[in-house]
Every structure is written in structure tokens, then in C-alpha cells.
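Heavy-atom basis, side chains included; hydrogens, waters and symmetry copies ignored. Each residue takes its place number in the sequence, starting with 1.
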Amino acid sequence: MTETTFLVLLAAYRPNHGYGIMQFIEKETNGRVVLGAGTLYGAINALIKKKWITPIGNEADSRKKEYVITDTGKQKAQEELKRMGEICELASTIIKGERNK
């Protein structure tokens, strides 16, 4: 899973519109990740197709569409968190030199 995908999933734990997702990601990464509209909506569309997030709200007015994570999306986010934790653990032991002792 890409960092962008994971961050969009995290932003969708609460109903959020596209601009809100962009703001969440920029704020929570301290400006390290700033998504353009094309990247964001490409990720959103891919996540909808996978059924990891779903649009909610006013279908007639796409400007007010919000997105929320699905149960499948929550499961995928939990799996990614576990995977990232395992990588961090491995990296920590290698960087601290404990792996080669």
C-alpha cells in the first residue's frame, strides 16, 4: 500500500470531503506530504473501486461529496499498520546494530 493510500484511508475514518482530506494529510504530516488534486482524486477513485472507502452525502452535488472508510478499508488499514510496525521493528534492530551481534 502506498503512503498516499494509507493517509487517505486514515483521513476517511471520519467523513471528509476531498479538500478536507488534503488538509488532514498536509497537517498531520507537518507539510511533508502535500497532495495535488489529481493525485488525491486518483487515490479516492481507486479506493472507491476497491470498496475501501465509500462516498456519502449529497449525490446530486458532487462538490459536497464526502467519503468515509468502509469495514474492508479499516481491515486493510489495520493490516498496513501491522506491516509497517514489523518494518519499523526490523529497521530499529538493524540501525541500532543489534541484528549483527
Does CE in M1 sit with more than 12 non-hydrogen atoms of other residues, nucleotides or ligands closer than 6.0 Å?
yes
Could you state the interatomic distance from [atom1] ([X]) to [atom2] ([Y]), rounded to the nearest 0.5 Å?
| X | Y | atom1 | atom2 | value |
| --- | --- | --- | --- | --- |
| D71 | K51 | CG | NZ | 13.5 Å |
| E80 | T2 | CD | OG1 | 8.5 Å |
| S92 | I87 | OG | CD1 | 13.5 Å |
| L40 | M22 | CG | CE | 6.0 Å |
| R83 | F6 | CZ | CZ | 9.0 Å |
| L7 | L35 | CG | CG | 7.5 Å |

How far apart are the C-alpha atoms of L47 and T5, what are their side-chain angles, what is the distance that settles it, and do they pass the side chain to side chain contact (heavy atoms under 4.5 Å, CB included) test?
CA-CA 8 Å; L47 291 171; T5 299; 3.6 Å; yes
Set of side chain to side chain donor-acceptor pair (under 3.5 Å) partners for E26, sequence neighbours left out
none
In I56, T54, I48, the residue satisfying side-chain contact (heavy atoms from CB on, under 4.5 Å) with Y67 is I48
Any donor-acceptor pair under 3.5 Å from N16 side chain to A12 backbone
no
Check for a donor-acceptor pair, side chain of T72 on one end and backbone N or O of W52 on the other, with a separation under 3.5 Å.
no
Provide the closest heavy-atom pair for A43 versus V8 in the form atom of the first, atom of the second, distance.
CB-CG2, 4.3 Å
